[in-house]
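Structure first, commentary second.
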Amino acid sequence: MADVPGGAPPASRETVPQLEKRFESEAAAVIASKGDRAAWEDLRLRWIGRKQGIVRSLLGMTGEVPAADRPAYGQAVNSLKEKVEARLAELDATLAEREREAVRQRATVDVTLPGRRPALGTLHPVTLVNRDMAKIFAEIGFSVAEGPEIEDDFHNFEALNFPHDHPARDTQDTFFMADGKLLLRTHTSPVQIRTMLSRKPPIRVICPGRVFRFDNDLRHSPMFHQVECLAVAEGITVGDLKGTLEAFLKRLFSPDTRIRLRPSFFPFTEPSAEVDVTCQFCKGRGCAVCSGSGWMEILGCGMVDPRVLSKCGIDPDRYSGFAFGMGVDRVAMIRYGIPNIRLLFENDERLLRQVNG
């Protein structure tokens, strides 16, 4: 077998040149593909793989070649191996360049495309409700009054007719400062006191703001938001209170919302009442949220106690007034179907996107 390079290897039907031609054909197919790295790896394993590669199989047949022809046979197979390895290296470089180009293409910016607008922030549910309330009250003649969040005992309790042994004055309900003289306000009613001390009737204000109490569960938070309403003038009656409540709550929720007043007690109003509205989830039919009653408690209200007017320098024999207050967070939970008050304070953008559509 002096002409081994052109002859057929033992136990093979293809000559070495035919094998070279077949390899080139398979290599061209890999190049013609869309840079398929898996096809290249399959080609490598099929030809120079350690276990079942064609070149290794040819080398394993050396013992079947006559002794005189073995040098030429071995030289032919080694030449085939070198060509295969060199060609695989070229293919590898070609495929690598294709992969880098694909990455560059994906990263390329088409300057002819229109620019992308930056994502804009969205308003918090509490902010949305606060703005709606302020707009409603502005339309019926009320202005906004604000006050400090750190208060003293007089404005937070004493002027509002809280007795000295009232549970709200206890450290288990109120956050007191280190000196025990100042505290974090437990409601926005101190703003009403400051307003009555600084203005003469007629007074029509709402007092929105943050308040602080020892509460922490699914429906309560140590910090939450309130808005309170105060009207003081000559001749104000319970009828004015009820009319204002109906106008406000129908605008806040829906025109078919009904309200009812239940007798209650608050130190700073007399008479006092709890106000219920038609359940906003079942529209009064009864559901799990309203315990089947069809009603939801929404706020407390009443006529301003004459003793509160007197402490603010307003003549209770001449003037009368009403006040009511509600939790803004609770309204936001009802309006947007938020089950846990903690969600309002977790800065989760998904909640903001959901609320703002």
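Position 1 is the first residue of the sequence, and the numbers go up from there.
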>> Using a strict threshold of under 4.0 Å (side-chain N to carboxylate O), is an ion pair present between Glu297 and Arg330?
In response: no

>> Between Arg104 and Glu101 (salt bridge meaning N to carboxylate O under 4.0 Å), is one present in this structure?
In response: yes

Flag yes if [X] and [Y] sit in one hydrophobic cluster, no otherwise; membership is Ile, Leu, Val, Met, Phe, Trp, Tyr, and two members link when side-chain heavy atoms are under 4.5 Å apart.
| X | Y | result |
| --- | --- | --- |
| Phe142 | Val331 | yes |
| Phe214 | Phe224 | no |
| Ile48 | Leu45 | no |
| Val328 | Leu123 | yes |
| Phe265 | Met303 | no |

If we ignore hydrogens and angles and just use 3.5 Å, is the side chain of [X] paired with the main-chain N or O of [Y] as donor and acceptor?
| X | Y | answer |
| --- | --- | --- |
| Ser320 | Ile236 | yes |
| Thr278 | Arg258 | yes |
| Lys311 | Ile193 | no |
| Ser293 | Trp295 | yes |
| Arg204 | Gly141 | yes |
| Asp305 | Glu270 | no |
| Arg185 | Gly147 | yes |
| Thr237 | Gly239 | yes |
| His124 | Leu344 | yes |
| Thr188 | Cys207 | yes |

Enter the distance from [X]:[atom1] to [Y]:[atom2] here, rounded to the nearest 0.5 Å.
| X | Y | atom1 | atom2 | value |
| --- | --- | --- | --- | --- |
| Asp92 | Glu97 | CG | CD | 12.0 Å |
| Asp276 | Ile298 | CG | CD1 | 9.0 Å |
| Gln280 | Cys290 | CD | SG | 10.5 Å |
| Tyr319 | Ile314 | OH | CD1 | 8.0 Å |
| Arg251 | Ile140 | CZ | CD1 | 9.0 Å |
| Glu151 | Leu182 | CD | CG | 9.0 Å |

Within the 4.5 Å heavy-atom criterion, are [X] and [Y] side-chain neighbours or not?
| X | Y | result |
| --- | --- | --- |
| Phe266 | Glu274 | yes |
| Arg318 | Pro201 | no |
| Thr244 | Phe322 | yes |
| Met326 | Val275 | no |
| Lys83 | Arg87 | no |
| His164 | Phe157 | no |
| Phe345 | Asp329 | yes |

>> Set out, in order, the CA-CA distance, both residues' side-chain angles and the distance that settles side chain to side chain contact (heavy atoms under 4.5 Å, CB included) for Leu128 and Arg335, then state yes or no.
In response: CA-CA 11 Å; Leu128 292 172; Arg335 175 178 285 188; 5.5 Å; no

>> Could you check whether atom CZ of Arg131 has more than 12 heavy atoms from other residues, nucleotides or ligands sitting under 6.0 Å from it?
In response: no

>> Looking at Lys250, I'd like to know if its NZ atom is crowded, meaning that more than 12 non-hydrogen atoms belonging to other residues, nucleotides or ligands lie closer than 6.0 Å.
In response: yes

Of all heavy-atom pairs between [X] and [Y], which one has the smallest distance, and what is that distance?
| X | Y | value |
| --- | --- | --- |
| Cys229 | Phe137 | SG-CE2, 3.8 Å |
| Leu343 | Leu351 | O-CD2, 3.2 Å |
| Leu160 | Ser189 | CD1-CB, 3.5 Å |
| Met296 | Ile334 | CE-CD1, 3.4 Å |
| Gly294 | Cys282 | CA-SG, 4.4 Å |
| Leu352 | Pro125 | CD2-CD, 3.7 Å |

>> For Arg210, run the side-chain hydrogen bond (donor to acceptor under 3.5 Å, both in side chains) check against Gln226, Glu149, His225 and tell me which one passes.
In response: Glu149

>> Please identify which of these residues, His187, Glu228, His155, meets the side-chain hydrogen bond (donor to acceptor under 3.5 Å, both in side chains) condition with Gln192.
In response: Glu228

>> Applying side chain to side chain contact (heavy atoms under 4.5 Å, CB included) to Val232 and Thr195, what does each step give before you reach the verdict?
In response: CA-CA 11 Å; Val232 178; Thr195 300; over 6 Å; no

>> For a side chain to side chain contact (heavy atoms under 4.5 Å, CB included) check, start with the C-alpha distance between Met133 and Val129, then their side-chain angles and the critical distance, and finish with the verdict.
In response: CA-CA 6 Å; Met133 290 182 175; Val129 173; 3.7 Å; yes

>> Does Asn156 form a side chain to side chain donor-acceptor pair (under 3.5 Å) with Thr186? I'd like the steps, not just the answer.
In response: CA-CA 7 Å; Asn156 198 84; Thr186 59; 3.1 Å; yes

